Amino acid sequence: MTSWRNIHEQLAKRLESELQKETNRQTLYQYMQQYPLFWGATLYRGTQQIVWNGFSFTDYPSTLLPDETGDDPFIDVITQNNVLSFLCRTTFAVEDSSGNIEYELLTTARIEQENALPIGQSHEFHLLTENDESLNYPADFIFFETPPDSMLSSRVLSTASKDSVGLAYIPSGIAGGPIEQWDDRAFFWRSLLGMVSYIAIVFFLYLRLGRNRSWTSLLLQLLLVAGSWTFFHFMEIPSRWLTDVMSDTPISREQLVYLAKISLFSFWGSEAICPVSRPKVPGTYR
């Protein structure tokens with residue numbers, strides 16, 4: 001909504017500038033056409049329509065607008081027939097030979113449009129899914145309806161002009177599925193970051209201890225290897241990785257898990273064997 005308000009103010013300043021130059025209506029209309037974000041845009045002189053593009057009120061919507069005008073745009077949520085939309089108004093004055101003339105720019109941006117007839121379903125619109133179908137998440141909003149009795153989470157919607165215009169919410173009972181799906185998709189990258197960080201720290205300590213050729217250092221190295229093997233074994237991170245990455249292969253999940261455990265055992269086993277050798281002098285192992 002912030003970008004829509006900014007674009008609304010852009011158009012208002014452009015129209016004000018052109019009106020000061022006494023630009024004709026056809027040119028003003030062409031400027032309005034350059035802002036496809038709006039469902040409708042109408043310029044009024046007083047309560048008389050001067051130029052409009054897209055949706056336009058049949059009469060000046062005095063019942064939808066406050067009597068007071070200010071420097072900041074007035075923003076509200078309105079419903080017109082089957083369309084729910086934002087409404088924004090900006091006022092400005094242009095001086096000519098007869099004095100100051102008051103203008104108002106009204107723009108609307110659709111939130112939701114529903115059509116009961118099959119012939120009109122191609123014109124249906126929903127703000128949450130219009131720009132990106134991947135945002136199909138069980139969050140919804142209401143503006144002129146009664147909130148549901150049971151909600152997992154909710155937040156009051158407000159505009160610059162009103163403290164409350166509606167409610168955004170997540171219904172109870174259906175949010176777990178998408179949330180769990182998102183967690184599954186994010187698990188790989190979270191575990192990758194954790195594993196890389198863990199291995200980097202362990203190898204730094206492992207190599208650092210290897211410089212001190214004493215039995216204490218050897219014991220600490222073996223403890224690092226044993227602790228790492230135990231951690232990865234019980235966390236089942238490699239097993240989960242293999243089943244995610246190789247899910248399209250004909251190998252069964254049990255075989256992938258077995259392969260991961262064997263690889264894990266071989267890797268950490270080799271790390272445990274490498275530093276072990278017979279000491280040459282007392283107190284050292286090399």
Side-chain angles (χ1 to χ4, degrees), residues 1-94 101-115 120-133 135 139-144 157-162 164-166 168:
M1 189 177 70
T2 302
S3 61
W4 164 66
R5 173 181 171 174
N6 292 340
I7 295 174
H8 169 97
E9 292 176 333
Q10 255 180 40
L11 176 58
K13 290 178 181 178
R14 190 169 188 180
L15 292 176
E16 181 181 3
S17 174
E18 294 301 323
L19 286 168
Q20 290 171 348
K21 301 174 185 177
E22 299 183 354
T23 304
N24 59 54
R25 296 185 183 183
Q26 181 61 33
T27 303
L28 296 178
Y29 171 72
Q30 292 174 355
Y31 284 137
M32 283 187 173
Q33 287 184 311
Q34 297 175 15
Y35 294 84
L37 176 64
F38 300 131
W39 181 48
T42 307
L43 180 66
Y44 289 89
R45 180 189 294 140
T47 59
Q48 178 187 1
Q49 289 182 340
I50 301 302
V51 59
W52 62 91
N53 180 45
F55 168 77
S56 176
F57 296 98
T58 305
D59 300 309
Y60 178 78
S62 57
T63 57
L64 301 176
L65 301 169
D67 296 331
E68 301 83 6
T69 59
D71 296 332
D72 293 330
F74 170 78
I75 302 174
D76 200 1
V77 176
I78 63 171
T79 179
Q80 294 288 312
N81 298 322
N82 63 330
V83 179
L84 185 69
S85 65
F86 290 112
L87 170 67
C88 186
R89 177 186 71 174
T90 296
T91 61
F92 55 88
V94 175
I101 301 178
E102 295 290 334
Y103 289 91
E104 291 187 24
L105 173 65
L106 298 184
T107 62
T108 52
R110 286 185 302 172
I111 300 173
E112 185 177 12
Q113 179 176 356
E114 296 180 347
N115 294 284
Q121 290 181 353
S122 60
H123 299 288
E124 289 188 344
F125 177 93
H126 198 289
L127 182 63
L128 292 181
T129 58
E130 179 65 18
N131 296 325
D132 189 349
E133 291 295 337
L135 297 177
D140 206 347
F141 45 72
I142 52 176
F143 293 95
F144 302 101
L157 300 175
S158 61
T159 69
S161 307
K162 291 192 173 183
S164 176
V165 295

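Just so it is clear, the structure is predicted and the values come from calculations on it, not from any experiment.
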Roughly how far, to the nearest 0.5 Å, is [atom2] of [Y] from [atom1] of [X]?
{"X": "L65", "Y": "T47", "atom1": "CG", "atom2": "OG1", "result": "11.5 Å"}
{"X": "R25", "Y": "L19", "atom1": "CZ", "atom2": "CG", "result": "10.5 Å"}
{"X": "Q20", "Y": "L15", "atom1": "CD", "atom2": "CG", "result": "11.5 Å"}
{"X": "Q80", "Y": "T58", "atom1": "CD", "atom2": "OG1", "result": "8.5 Å"}
{"X": "Y103", "Y": "R45", "atom1": "OH", "atom2": "CZ", "result": "4.0 Å"}
{"X": "M32", "Y": "N53", "atom1": "CE", "atom2": "CG", "result": "7.5 Å"}

Identify the heavy atoms of [X] and [Y] that sit nearest to each other, and give their distance.
{"X": "Q49", "Y": "S56", "answer": "NE2-OG, 2.6 Å"}
{"X": "C88", "Y": "P73", "answer": "SG-CB, 3.6 Å"}
{"X": "R14", "Y": "Q34", "answer": "NH1-OE1, 3.0 Å"}
{"X": "A41", "Y": "L11", "answer": "CB-CD2, 4.4 Å"}
{"X": "A12", "Y": "T90", "answer": "CB-CG2, 4.0 Å"}
{"X": "A109", "Y": "W4", "answer": "CB-NE1, 3.5 Å"}

Exercise for review: Tell me, with the steps shown, if F143 and L157 meet side-chain contact (heavy atoms from CB on, under 4.5 Å).
Suggested key: CA-CA 9 Å; F143 293 95; L157 300 175; 3.8 Å; yes
**Study point:** Under 3.5 Å: donor-acceptor pair, side chain of T108, backbone of G40
**Key:**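 Confirmed, T108 side chain pairs with G40 backbone.
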Flag side-chain contact, heavy atom, 4.5 Å: [X] against [Y]:
{"X": "V165", "Y": "S158", "result": "no"}
{"X": "L105", "Y": "R89", "result": "no"}
{"X": "F86", "Y": "R5", "result": "no"}
{"X": "I7", "Y": "F38", "result": "yes"}

Check your understanding: Would I111 and V77 count as a side-chain contact (heavy atoms from CB on, under 4.5 Å) if you check the C-alpha gap in whole Å, the side-chain angles of each, and the deciding distance to 0.1 Å?
Key -> CA-CA 9 Å; I111 300 173; V77 176; 4.0 Å; yes
Point to revise | Ring center gap for Y60 and Y44 short of 6.0 angstrom | key: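 Yes, the ring of Y60 comes within the 6.0 Å limit of the ring of Y44, centre to centre.
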Practice item. Anything under 30° is parallel, anything over 60° is perpendicular, the rest tilted; go ahead and classify W39 against F55. Key: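 Judged by the thresholds at 30° and 60°, the geometry between W39 and F55 is parallel.
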Review point. Q113 and R110: side-chain hydrogen bond (donor to acceptor under 3.5 Å, both in side chains), yes or no, with the steps?
Key: CA-CA 7 Å; Q113 179 176 356; R110 286 185 302 172; 2.5 Å; yes
Check your understanding: Are F57 and T42 close enough, and set up right, to give a side-chain contact (heavy atoms from CB on, under 4.5 Å), and what steps lead you there?
Key -> CA-CA 8 Å; F57 296 98; T42 307; 5.5 Å; no
Review point. Is the shortest distance from a Lys or Arg side-chain nitrogen in K13 or E9 to a carboxylate oxygen in the other one below 4.0 Å?
Key: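 Not counted as a salt bridge, because no side-chain N and carboxylate O are separated by less than 4.0 Å.
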Exercise for review: Dump the intermediate steps for side-chain contact (heavy atoms from CB on, under 4.5 Å) on L64 and L87, then the final yes or no.
Suggested key: CA-CA 9 Å; L64 301 176; L87 170 67; 4.2 Å; yes
